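Please read these numbers as outputs of a predicted model, since none were measured by experiment. Only heavy atoms go into these numbers, but all of them, side chains included; no hydrogens, no water, no symmetry mates. Letters go in sequence order (proteins before strands), and every chain restarts at 1.
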Number of protein chains: 2
Amino acid sequence: MTEYPLDGTGSVPAADIATAWDRELPGVATSSIGVITPLWRVAKALADERRRTLHRLGVDPATLDLLSTLRRAGEPWTLTTRELAERCLVTAGAISQRVARAERDGLVTRTPSPVSRRAVAVTPTDRGHEVVERTVRGLLAHEEALVADLTAGERRALGDLLERLAGSVRNAGEPG
Amino acid sequence: MTEYPLDGTGSVPAADIATAWDRELPGVATSSIGVITPLWRVAKALADERRRTLHRLGVDPATLDLLSTLRRAGEPWTLTTRELAERCLVTAGAISQRVARAERDGLVTRTPSPVSRRAVAVTPTDRGHEVVERTVRGLLAHEEALVADLTAGERRALGDLLERLAGSVRNAGEPG
DNA sequence: TCCTGTATGTTTAGATCTAAACGTAGACCC
DNA sequence: GGGTCTACGTTTAGATCTAAACATACAGGA
């Protein structure tokens with residue numbers, strides 16, 4: 001059987017983690033734990049679910065992220081390496097490797113950009129488009145089910161709070 | 001300069017992603033995007049911040065996760081490989097590798113468990129405890145700053161919604 | 001006692017990422 | 001024209017993870 005952590009959400013409540021730190025390192029700042037621990041756990045659970053779902057569908061998350069980003073860009077579905085790095089939130093080096101793998105598998109082509117001679121334009125092949133069309137509906141339908149217990153209002157509230165948190169992280173992270 | 005994605009939060013609003021999918025694959029289910037996209041971005045921003053903060057402090061996230069989990073367990077700060085896998089939310093194979101690296105660096109010891117001959121007990125060395133004591137305060141202080149823009153009420157609301165989402169993911173993920 | 005199944009760890013192959021070092025290509029300025 | 005700076009990509013080293021194959025150690029039943 002597949003080896004896997006027994007409890008994908010973590011068996012230790014976040015509050016107990018704060019308590020334990022206060023016992024082990026008295027006076028330590030613990031108020032971020034109530035947010036960051038559940039956030040981290042949910043993100044991991046979602047990432048694991050996505051990986052397994054995509055494995056069933058015959059793609060891997062990195063390649064689908066690449067193909068999806070190109071497809072979402074709209075016709076003619078072409079972006080440079082730099083644009084892909086920005087939108088996929090990974091380094092240019094990671095994009096270079098993703099594109100190399102996808103090109104090897106016949107899913108994208110790499111051509112000199114018409115705009116600038118140093119830029120590289122990446123575009124899905126027909127097979128690349130087929131992969132997107134075959135998998136994205138199934139993936140999004142599955143993820144719809146994962147958030148199904150939350151009402152529309154709760155989802156909106158959660159999305160808004162997460163965007164506020166993103167702003168907070170951006171504020172505090174950049175200067176330091 | 002260090003190479004890095006230009007905008008750690010993603011420049012494309014989540015709503016635009018849903019719009020783009022509806023244009024490219026008409027009728028696709030997009031209502032999960034408003035939750036999962038910002039969640040994913042914040043989690044990545046926090047992970048990146050943590051990695052850089054710990055790099056400054058001279059540890060790596062995987063090793064500190066291991067040492068922290070042992071320390072939080074309380075005296076005598078000993079857990080088996082299996083317990084570590086459950087609490088760290090990674091596979092037993094990953095724990096085996098983390099422990100091997102930490103043991104090589106003199107941060108933990110691996111001894112036969114007194115309970116069962118097939119179990120392995122992992123415990124921090126003095127140096128391992130020093131690393132925890134030296135870094136965890138700084139890390140938690142930094143993460144306190146990252147969530148500082150949210151009020152206490154917003155943090156509680158966010159934590160609660162995330163735990164509800166975790167339950168939803170667990171419900172939908174296990175049967176399938 | 002022996003057999004079988006389950007639990008616990010380790011190892012390995014392959015994918016992936018970051019960080020940093022490179023190598024060019026344009027741009028700007030004198 | 002030549003020098004310098006910045007932008008764009010690629011490559012490489014090293015860390016990390018999952019999944020799957022192994023290797024034991026127990027436990028329970030016949």
Are any protein N/O atoms closer than 3.5 Å to N/O atoms in nucleotides 22-25 of chain C? If there are, list each pair with its distance.
residue	atom	partner	partner atom	Å
C:dA25	N3	A:Arg118	NH1	3.4

> Roughly, in whole Å, what's the span from CZ in A:Arg50 to C1' in D:dT18?
Replying inline: 17 Å
> So which nucleotide from D:dT10, D:dC17, C:dG9 ends up closest to the side chain of B:Arg82?
Replying inline: C:dG9
> Between B:Ser31 and A:Arg155, do the side chains contain an N or O donor and an N or O acceptor separated by less than 3.5 Å?
Replying inline: yes
>> Evaluate A:Asp160 against A:Arg156 for salt bridge (charged side-chain N to carboxylate O under 4.0 Å, His left out), listing each step before the verdict.
In response: CA-CA 6 Å; A:Asp160 289 349; A:Arg156 196 161 35 245; 5.9 Å; no
> Rounding to a whole Å, what distance do you find between B:Leu79:CG and C:dG9:P?
Replying inline: 11 Å
> What's the CG-C1' distance between B:Leu64 and D:dA15, to the nearest Å?
Replying inline: 16 Å
> Side-chain donor-acceptor pair under 3.5 Å between A:Asn171 and A:Ser168, yes or no?
Replying inline: no
>> Both A:Ile95 and A:His55 contact DNA chain D. Taking the nearest nucleotide for each, which residue is further toward the 5' end?
In response: A:Ile95
>> Counting the atoms with a prime plus P, OP1 and OP2 as sugar-phosphate, which does A:Thr81 contact under 4.0 Å by heavy atoms, base, sugar-phosphate, or nothing?
In response: sugar-phosphate
> Side chains of A:Thr123 and A:Thr78: is there a donor and an acceptor less than 3.5 Å apart?
Replying inline: yes
> Separation of B:Leu89 atom CG from D:dT16 atom P, in whole Å?
Replying inline: 17 Å
> Do you know which two heavy atoms are closest between B:Ile33 and B:Trp21, and how far apart they sit?
Replying inline: CD1-CD1, 3.8 Å
> Looking at the side chain of A:Arg101, which of C:dC17, D:dT18, C:dG9 is the nearest nucleotide?
Replying inline: C:dC17
> Within the structure, does a side-chain N or O atom of A:Arg51 lie under 4.0 Å from either OP1 or OP2 of D:dA19?
Replying inline: yes
> Which one, C:dT18, D:dG9, D:dT16, comes nearest to the side chain of B:Asp60?
Replying inline: D:dT16
> Taking the side chain of A:Ala119 as heavy atoms from C-beta outward, which of D:dT10, C:dT11, D:dG9 is closest to it?
Replying inline: D:dG9
> So, does the side chain of A:Gln97 form a donor-acceptor pair with the base of C:dT18 at under 3.5 Å?
Replying inline: yes
> When all nucleic acid strands are considered with a 4.0 Å heavy-atom cut-off, which category describes B:Ala94: base, sugar-phosphate, or nothing?
Replying inline: base
> Mapping B:Arg110 and A:Arg98 onto DNA chain C by nearest heavy atom, which one lands closer to the 5' end?
Replying inline: B:Arg110
> How long is the line joining CZ of A:Arg104 and P of C:dG14, in whole Å?
Replying inline: 11 Å
>> Main chain of B:Val131, side chain of B:Thr135: is a donor-acceptor contact present, judged purely on distance under 3.5 Å?
In response: yes
>> Pairing donors with acceptors under 3.5 angstrom, does anything connect the side chains of A:Thr109 and A:Glu103?
In response: no
> Starting at CG of A:Leu66 and ending at P of C:dC17, how long is that distance when rounded to a whole Å?
Replying inline: 10 Å
> Nearest to the side chain of B:Ala62, which nucleotide is it out of C:dT10, D:dT11, D:dC17?
Replying inline: D:dC17
> Counting just side-chain N and O atoms, does B:Thr91 come under 4.0 Å of either OP1 or OP2 of D:dT18?
Replying inline: yes
>> Show the nearest heavy-atom pair for residues B:Asp22 and B:Gly27, with the distance to one decimal.
In response: OD1-N, 3.4 Å
>> I need the CZ-P distance between A:Arg52 and D:dC17, as an integer number of Å.
In response: 16 Å
> Can you check the A:Asp48 CG to C:dT16 P distance for me, whole Å?
Replying inline: 15 Å
